[in-house]
Amino acid sequence: QVQLVESGGGLVQPGGSLRLSCAASGIAFSTYAMGWYRQAPGKQRELVAVISSGGTTNYADSVKGRFAISRDNAKSTVFLQMNSLKPEDAAVYLCNAARVPVRLYNYWGQGTQVTVSS
């Protein structure tokens with residue numbers, strides 16, 4: 001039984017910071033690429049950041065320089081450090097785990113809400 005459980009969301013003021021965590025179980029964590037996606041009401045889901053099994057990272061242009069993804073394979077956990085938060089960052093943030101073949105090995109958490117408001 002695969003589980004991805006996000007935590008760390010909440011309400012912050014613009015300019016504030018949050019650190020999201022995603023704890024995985026039921027997968028060989030170190031062999032999976034891990035990603036953070038977000039979905040705001042009425043908008044399509046978008047990739048925020050991804051970290052490969054080898055540690056290579058990629059970010060959406062909108063979060064470069066502000067967000068950082070990292071992973072702790074010993075703890076089967078991926079993190080998203082979010083700094084200098086903007087109102088447009090508000091969304092449900094979802095954790096994703098994937099490996100080839102993605103059709104067969106692709107899993108999602110249920111999401112954690114991030115609200116950025118003054």
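Positions are given from 1, in the same order as the sequence printed here.
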Is Arg71 close enough and on-axis enough to Phe79, meaning under 6.0 Å and within 45°, for cation-pi?
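Ring-cation test returns no.
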Do Arg38 and Tyr93 form a cation-pi contact, if we require the NZ or CZ to be under 6.0 Å from the six-membered ring centre and within 45 degrees of the ring's axis?
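No, Arg38 does not sit over the ring of Tyr93.
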Do the side chain of [X] and the main chain of [Y] share a donor and acceptor less than 3.5 angstrom apart?
X     : Y     : value
Tyr37 : Val92 : no
Glu6  : Cys95 : yes
Ser62 : Ala60 : no
Asn96 : Met34 : no
Gln3  : Gly26 : no
Asp89 : Lys86 : yes

Heavy-atom closest pair, residues [X] and [Y]:
X      : Y      : answer
Tyr59  : Ala49  : CD2-CB, 3.5 Å
Ser118 : Pro14  : N-CD, 3.7 Å
Trp108 : Asn106 : NE1-OD1, 3.0 Å
Asn83  : Ser17  : OD1-OG, 2.9 Å

With rounding to the nearest 0.5 angstrom, report the [atom1] to [atom2] distance, [X] to [Y].
X     : Y      : atom1 : atom2 : value
Ser76 : Ile27  : OG    : CD1   : 7.0 Å
Gln13 : Ser117 : CD    : OG    : 8.5 Å
Leu18 : Thr115 : CG    : OG1   : 9.5 Å
Ser30 : Asp72  : OG    : CG    : 11.5 Å
Ile51 : Leu80  : CD1   : CG    : 10.5 Å

Is there a path of hydrophobic side-chain contacts, each under 4.5 Å between heavy atoms of I/L/V/M/F/W/Y residues, joining Val102 to Tyr107?
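No, it is not one cluster - the side chains of Tyr107 and Val102 are not joined through contacts under 4.5 Å.
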Pair Trp36 + Phe67: ring centers closer than 6.0 Å:
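Not under 6.0 Å, so no.
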Counting only heavy atoms not in Gln39, do more than 12 sit closer than 6.0 Å to its CD atom?
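Counting other residues, nucleotides and ligands, CD of Gln39 exceeds 12 neighbours.
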Taking atom CD as the centre, does Gln113 end up with more than 12 heavy-atom neighbours from other residues, nucleotides or ligands that are less than 6.0 angstrom away?
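Result for CD/Gln113: enclosed.
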Decide yes or no for [X] and [Y]: does some side-chain heavy atom of the first lie under 4.5 Å from some side-chain heavy atom of the second?
X     : Y     : result
Val50 : Thr57 : no
Ser53 : Thr31 : no
Arg45 : Leu94 : yes

Report the C-alpha separation of Leu20 and Val114 in whole Å, then their side-chain angles, then the decisive distance to 0.1 Å, and conclude whether the side-chain contact (heavy atoms from CB on, under 4.5 Å) test is met.
CA-CA 9 Å; Leu20 307 184; Val114 171; 4.1 Å; yes
State whether Asp61 and Lys64 are salt-bridged, where the test is any N-O pair (Lys NZ or Arg NE/NH1/NH2 against Asp/Glu carboxylate O) under 4.0 Å.
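Result for this pair is yes, salt bridge flagged.
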